[in-house]
Amino acid sequence: MLTGVSEAVYYILAAIIIGSGVMVVSMKNIFHSALFLVLCFFGVAGIYILLSAEFIAAVQVLIYVGAITILMIFAIMLTARLYSAQIKQSNEQVVPGLIIVSALLVITIFALSKTTWKLSSQAPETQTVAEIGKLLMTTYVLPFEIVSVVLLSALIGAIVIARRD
Amino acid sequence: MLSFAWIIPLLPLLAFITIVFFTRRNQKLSSLISIGAICLSWIFSVIVIASVLKNPVPSEFEFTWLNLMGFQVKMGILIDSLTAIMLFVVCTVSSLVHIYSVGYMQGDPRFSRFFSFLSLFSFSMLGLVLANNFVEIFVFWELVGLTSYLLIGFWFEKKTASDAGKKAFITTRTGDLGFIVGILILTTAAGTFNFREMFHAVETGQIPFGILTLGAIFLFAGAVGKSAQFPLHVWLPDAMEGPTPVSALIHAATMVAAGVYLVARTMTIYLAAPNAALVVASIGCITAFMAASIGLVQNDIKRVLAYSTISQLGYMIMVLGLGGYTAGTFHLYTHAFFKALLFLGAGSVIHATQTNDIWEMGGLYPKMKITAITFIIASLSIAGIFPLSGFWSKDEILTVASHYPNPIFLIVGILVAGMTAFYMFRLCFVTFFGKPRDQHKFEHAHESPKVMTVPLMILAFLSVFAGWVGIPWLQHGYGSFVFHQEPHHAEPNYILMIVSTLVALSGIYLAYAMYYKKSISPEKLKAKFPFPYKVLYNKYYFDELYQIIIINPIMKLSGFLFNRVDVGVVDRLVNGAGNFTVFLSDVKEWFDSHIVDGAVNGIASLARGTGSGLRRIQTGQLQNYAFVIFFGLVLIILFKLS
Amino acid sequence: MNFPILSLMTFIPLLGMVVILFTKEGQDKLVRYLAAFFTFIPLVLSFILLSRYQGSTSQIQFVEKFDWIPSLGITYFMGADGLSVPMLFLTALLGFLSVIYSFGDIKEKVKQYFAFLLLLEVGMMGVFSALDFFLFYIFWEIVLVPMYFLIGIWGHGRKEYSAIKFFLYTLFGSLFMLIGILALYFNVEPHTLNIMVLIEKTPLLTRSFQLLTFAAFFVAFAVKVPIFPFHTWLPDAHVDAPTAVSVILAGILLKMGTYGFLRISYPMFPQGAMYFAIPIAILALINIVYGALVCMAQKDLKKMIAYSSVSHMGYCMLGIAAVTVTGISGCVFQMVSHGLITGALFLLVGVLYERAHTREIGAFGGLWIKLPVYSGLMILFCLGSLGLPGMSGFISEFMVFIGSYPAFKVIVPLAVIGVVITAAYFLRMIQAMFLGTFNTKWEGLSEISAREIFTVVPLAILMIGIGVFPSPLANMIKATVENIVHLAVR
Amino acid sequence: MIGLNHFLTLSTILFCIGIFGVLTRRNAIGILMSIELMFNAVNINFVAFSRFVTPTALVGQIFAIFIITIAAAEATVGLAIVLLIYRNFKGINVDNINIMKW
Amino acid sequence: MNYQLLLPETFLFLWAILIFVVDFFRKEKKYNLAYLALLGLIITIILVVISQKGDLFGGMFHGDSFATFFNLIFLITGFLTILSSVEYTKKLSSYPGEYFGLILLSMVGMMFLASAGELLTLYVSLELTTIPLFVLAAYRKDDFKSSEAGLKYLILGGMSSALLLFGISLIFGLTGTTFLKEIKTVLIVKYLATGEIGPALILSFIFMIAGLGFKLALVPFHMWVPDVYEGAPTPITAFLSVASKAAGIAAFLRIFFRAFLIFQVDWVLLIAVLASLAMIIGNIIALLQTNIKRMLAYSSIAQIGYIMIGVVSASATGVSSVAFYTFVYMFANMGAFITAITFSNSTGSDEIKDYAGLSRRSPALAAMMAVFMLSLVGIPPLAGFMGKYYLFSSAIEQGYIWLVVVAILTSVISLYYYLGVVRQMYFQNSIDENPQAITVSPALRTALIISVIGVLLFGIFPHIFLNLANQAAMVFLY
């Protein structure tokens, strides 16, 4: 349970995340969207810290903000003619999309709130970094190895695809 | 001891097979084989009749033909006095017709085939007579029908001939429907096919009365068809399209008598079912009168004889229905000879003049004396003039009719006798006397060759004397030989004899007056009574009636079933649902392209209709896909969580 | 295990098919002789089968049985009784004759044609000898494939349409049988697909289950027979198929339906048999009368004969529905007889079509003058088909009537009407084609050839042979039919 | 009192925003970004569960790391394909990328 | 720990690396690397067959008969795919080596997927399966359709991963673990305690079904299938339609049978409905297709509907029938695609109408295609029938007769379009007067012959593989 300051932080972060998320999907300019995406990722990283997952927050910032977003921005620069971004950025599905999404949202939140979770009152692990490292090398060594293969194949694939012949 | 009788039908069958497979090319040999076979059969039939006369106890020989649980069919022969008489009649007439045909069919390209068919016919008819059970009799019954079909349509190039064959077959088969159903009813009730076992069951009352009556009536339908009784008589006059010897053999003397034979054979049943017997008698009575009246005005020599045959058969049927077993079979026996003679005589005339129309003949007597004399003898016999065969048998019939409480049968009987005498002599006078009406044909006419006239003479002899076995004064006459239950002693009924003779004579006189002396003008009568004449001349419009009420509807129905129901409805049922969507958009196209096509198209267009709707989802637009996915997801969630 | 005669009969054609497929392209003559050879052996074997078959018992004979897919309870179980032996013989005979007939008829893609024809024979033989449900179903379905190709490639007219229609209809039906088979499998203890064992156990199942399963099988068999209103595939398929295939279609394939009823539906589901007796009899009546009436409206000779099958198979169904020994024997007789007669009729139609390139009844006339032998044969078979005594058709129809009358006192007399209509349309056809004045347009027609005569003469001999001496066939089927009735009235 | 449900709600909202983006952005990169939002939402879930359900075991966090990694890999490939599309179609507007349909 | 269990996967991964390396040093005729890849696959198949059984990492990895069975499916599919790619890669402008390597990597992912007993491993393996496939789908870079296919596949794939993950996260939240067998225990305990399972669990079922449904191409998550199948290089399409689908099935079975079998009332009916929708929609839309790849795409949607019948049965027989059907489906479907590849290599066309007269041009090819089509319909004695029979029997055993009726009716519909191809090949004449014969390279011929033997053999003698499938199903029975 978080109280006090944390509570306020939570709301601020939530506002940032939701606000920037909405911006991401609705900005006319794709480049601006990308910037809001960065903001959103930061917000999420804040949430992780709030949840005492500092290591994840760090990873979030490094990989998402540092890698993915930058990559996207590059891609945007490569593909879009930036300032002719007056063309509509959303399609005709806005209204039906809204309906579907809000329906999904309502149902899901309703369902989740109706569920009793088996909460634990133990204090969270503090030595997360070391512990995670250990787990990755022991219990989770198999997915860890596999994920490395995933990265390898993504790398090769991306090169193969993106390179001009 | 009489078991050799099975050879009688077998010989013609062998002849048939030999001719078809081996000697077809050799006409003379073929005819010799055929004649030889039937003559041998005749000899055997004489032996049979002789031994039956000596020892009248019926004998039966059979073997198992088909054996299944609860269903056993035996094939065999039953020889009693009736069979013996019939064998003799059939063999006699058949042999004579065979011989006669050698002359008549001379020069026909299908000469051999004709004899093979004749042999096949003899086989079937003899088999029919010998049959000892319902299945067997039905088998030969149908075979007889087949040969009749083949022989009527022998000159199949003529449309009328092939039409007539078809008509004969189908009409008699319509009667056979009843026959089959009758057999079904009776044999199911009695649990046997065998005649004598069934009669036993009937006599001991094992069969409920209602079923018995129903069965008997249905059974009689077969006889109606085969013996050309009202209302299925329409085929017989048309059957005259066949070669004349065929008409003589099949459509006068023997095959058509099969119906009469059937009723006689199953007499026990009719005696046990008086209602059915009354139906039989009434049908016979109606037929006798109707056919005789039509015969009065016909112009085709063979048609007149055909109607006379129908009328005489009606006579027999009527008397059988009245219980006159002996009388009926006796008339059958005598009738065979004089009717065969009449036809063969007519054949001889036709052979000479190449026409059937009596109004194109005339004055032939001097040119063909033998034919004319024998023809007149036969006419006298059929008219029932003392002391020819016909007189005795007709007398028997009228005697039986007179015993019946309701006088209608007797009155009709006498009336028919008069009409018969009239139309027969009308025929004689117009054909053989007076002035030749067609000079060319007259000059061309000539007496037929010996091979034709000898049979005529033999038959004339029989027409005169065959009936004498049944003379009432005879102590051991026909009635003590062929009888049902008890020997029948014919009592001479002098009043009836005189009345009938007078009626016959007046008929002859009327004909004489009208067509020889011409003191009464037929033309005037015609003009005076135009309506009855027209009705009679058109045979009561039976053919037209059948065309309208039976044939047309059936043809229409079958066309309808095929075109509308089969192609339309059945397939369409499957089609229907599928095309509904398309239907809304384009009714006309739907009709054109789908109604006629079948169920496959139905399913296909159902699928296609739905498919072309469904595949609209597949817009190629990525986000539409995503939308569908989420839409489905939300639906599923709602479905599961509600 | 004794001599595996049934397997040999079934699989020798398959071997033949493989051999033919490996011949070089273009060696048509060799292919033809190979096909004849590989259908002749089963014919010879079928004679051995006939001679060694013991008709006195309803026991399954010539049994071959061993495990095939044990985990699913599937065995390879072949055997024959009085019901299958005649059908096997008929299959071997018609198979051989249609190959012989096809010698002259098929000039394109000869190799494939005979390969498919042989495959067809495999399926049919298998259906009549399989006693394991799974095996039965496999053979049942195998038949569809070559049939589809044979109609679609070598047929005439709207052949593609007819081929697919045939396939769809029959597949539709047989899939219901599959459900039925599976339902049976899981509802008896211990689970089994052995038809013989199932026959013993199924009557113990609940009534509603029996009725449902009966209905499922009914659809499958009814499509094959075909019973109104499942019959619309038949005229199309028959008419558009090449001659030899029409022969097999009419001669054997339709019998698979009635065979199914007798082998499976009736012995297994006495309740169903009882419950559906009247409806089936009514459908049979409709088949008989309706089929015959529709024949009257036909202008195409082949179509007429096709619809006559609808009518004639109605008699089979009528005999079955009554569940009496006589009725069912009549049905078996009718199966054999219809196979012989209609097979021959189709062959003869093919002979004419090959020469005249038309089948329109009205286009001919007076052919008897020009083609006496051909016309004689055709008329002979027409007479056989319309149930003339002395030929097999009469016996079967008569037995059906006798056998079913006690059960259906109203329906049977109505069904007898079919006999007259049948006579009417056949005579009408005979008159239009063979009698009357010769249509000089056909001056150039040549008489039926010796090879073609050879294909129909055995059929004629059998037709008349059975018609005159039905006892051998009756004795062969007697015990089996009694057993079927015994089972079906439990 | 901020409990588990608050985080779940937040993540659900973010997830739905992502979905909305996927459904409506015309720009392919925009769609990819929206997908990233969805991954982030899932990650919030994992981390929140990890914190509230299994505070001592770090399974949820590890899962989140893997998701982040894989998201990166996917983004890489995705962007490569977007570049390819751009070369071929002269644009990355998914509305126009519909050669194949029906 | 018995690390030998990982031998096949490790070996295949190393072999893929080997291919990349060899590719680097090789300058021309790189398509011959295919044979290297084939060699690797053969060795892997042997390794799989002889591999030991056991668990690793506390149930994270199961080296059991289920995995073996599915591994065989993946490997044989991969083998056929690579065989049929030899000709195809000659036409690729670049990177044939990477092409084979990526296929092998994807297969490594599949193999892990089939063995995964833990959700994280499962997810990661799934991504390893999919990511190379995104690339491969877009591999023909000059082809617009291929790029489009890659994009659609990627975006929808990413999205569905997110859905799957959302579902997994909920499961994790409910149980606090990602190990399937622990999940089961926890859930049972919880269920026994409270007597209800709560909406979150159902929600997670649905999200997971949606996520996996994407891989399976289950309606309504099938939308990507037609376009991607049409656009992707044909060997890849074949691979997608069999191996990738089989991987999805393996994952689905692992999750739902291992962890959620006792809650079957909550998801079985849903699967049944989706399965019937798949059969209906797939078959009906397939009727209208004129492109063979697109037709096969819809047909594969329908086929997954049939496969799901076995899942619905929720019994050992069900699993066994699913496994067996997948196995036989592989031969027929691969065969059909390989024929399409062969045809299009020669003619450059994927249109069904261009198949007209194929029976004359190449009788053997046409005959094999006909066999594949008939097997897909389920005509005995071909393998497809055996599979369907087994599936139906599992459903009827559990009383799902209505589902079987749907399957049967749609089978009849499917007959129409499958035979549509046959009709073209056999009943129609080619438009060209003298079309040349279709050339069939040795590699393609081998692939075709393997497929056709599979289709014929396992229809008639399915016993060995039925037993294997049964053993595979036993895994879920403890």
Side-chain angles (χ1 to χ4, degrees), chain A residues 21 25 44 51 53 56 68 72 75 79 91 93 97 100-101 103-122 124-125 132 134-165, chain E residues 6 9-10 13 16-17 20 56-58 60-61 93-95 98-99 101-102 105-106 108-109 112-113 115-116 118 120-125 127-136 138-139 141-142 147 150 166 170 173-176 178 186 190 194 196-204 207:
Chain A
V25 298
V44 173
L51 289 165
I56 307 297
I68 299 181
M72 290 210 174
T79 56
N91 58 18
Q93 285 192 153
I100 286 292
V101 163
L104 190 67
L105 183 69
V106 170
I107 303 166
T108 313
I109 290 179
F110 175 77
L112 293 182
S113 61
K114 281 282 170 192
T115 310
T116 45
W117 305 94
K118 204 180 76 182
L119 296 181
S120 165
S121 52
Q122 284 171 297
E125 183 75 41
I132 285 173
K134 208 177 95 191
L135 279 175
L136 282 182
M137 283 301 121
T138 55
T139 317
Y140 293 99
V141 66
L142 184 65
F144 187 70
E145 294 300 331
I146 297 173
V147 93
S148 66
V149 183
V150 174
L151 287 174
L152 174 72
S153 61
L155 195 67
I156 296 172
I159 293 168
V160 167
I161 290 293
R163 236 175 83 168
R164 279 179 196 274
D165 299 323
Chain E
L6 290 172
E9 286 84 355
T10 320
F13 167 69
I17 302 296
F20 291 131
L56 271 184
F57 310 113
M60 190 177 272
F61 179 94
S93 46
S94 56
Y95 310 115
E98 282 81 355
Y99 175 91
L102 285 172
L105 284 182
S106 173
V108 173
F112 277 120
L113 189 61
S115 302
E118 188 257 2
L120 177 55
T121 319
L122 192 133
Y123 168 67
V124 174
S125 317
E127 291 297 332
L128 178 54
T129 309
T130 324
I131 287 176
L133 289 176
F134 296 154
V135 176
L136 287 165
Y139 217 84
K141 295 198 285 177
D142 47 348
S147 319
F166 199 87
L170 292 181
L174 284 166
T175 61
T178 55
V186 173
K190 197 172 169 183
T194 62
E196 52 144 27
I197 56 168
L201 186 63
I202 291 178
L203 208 58
S204 87
F207 276 106

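In the text below, chain A, chain B and the rest are named by the order of the sequence lines, each starting its count at 1.
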[X] versus chain A, the contacting section by heavy-atom distance below 4.5 Å:
{"X": "E:Tyr99", "result": "neither"}
{"X": "E:Ile202", "result": "neither"}
{"X": "E:Phe166", "result": "side chain"}
{"X": "E:Val108", "result": "neither"}
{"X": "E:Ser204", "result": "neither"}
{"X": "E:Glu9", "result": "neither"}

Counting heavy-atom pairs under 4.5 Å to chain E, which of [options] comes out on top?
{"options": "A:Ala111, A:Ala158, A:Ser113, A:Ala154", "value": "A:Ala111"}
{"options": "A:Leu142, A:Val150, A:Val147", "value": "A:Leu142"}
{"options": "A:Thr108, A:Ile156, A:Thr116, A:Ile146", "value": "A:Ile146"}

Supply the atom-to-atom distance [X] [atom1] to [Y] [atom2], rounded to the nearest 0.5 angstrom.
{"X": "E:Leu102", "Y": "E:Ile131", "atom1": "CG", "atom2": "CD1", "value": "11.0 Å"}
{"X": "E:Thr175", "Y": "A:Lys118", "atom1": "OG1", "atom2": "NZ", "value": "7.5 Å"}
{"X": "E:Leu133", "Y": "E:Glu127", "atom1": "CG", "atom2": "CD", "value": "11.0 Å"}

Does any part of the side chain of [Y], heavy atoms only, come nearer than 4.5 Å to the side chain of [X], both counted from C-beta?
{"X": "A:Tyr140", "Y": "E:Phe57", "answer": "no"}
{"X": "E:Tyr139", "Y": "E:Glu98", "answer": "yes"}
{"X": "E:Lys190", "Y": "E:Leu174", "answer": "yes"}
{"X": "E:Leu170", "Y": "A:Trp117", "answer": "yes"}
{"X": "E:Leu128", "Y": "A:Ser153", "answer": "yes"}

Could you tell me which portion of A:Leu151 (side chain, backbone, both or neither) has an atom closer than 4.5 angstrom to a non-hydrogen atom of chain E? neither
By a 4.5 Å heavy-atom criterion (distance strictly below it), what part of A:Phe144 contacts chain E: side chain, backbone, both, or neither? neither
Heavy-atom pairs under 4.5 Å with chain A, option from E:Gly176, E:Gly173, E:Ser106 with the top count: E:Gly173
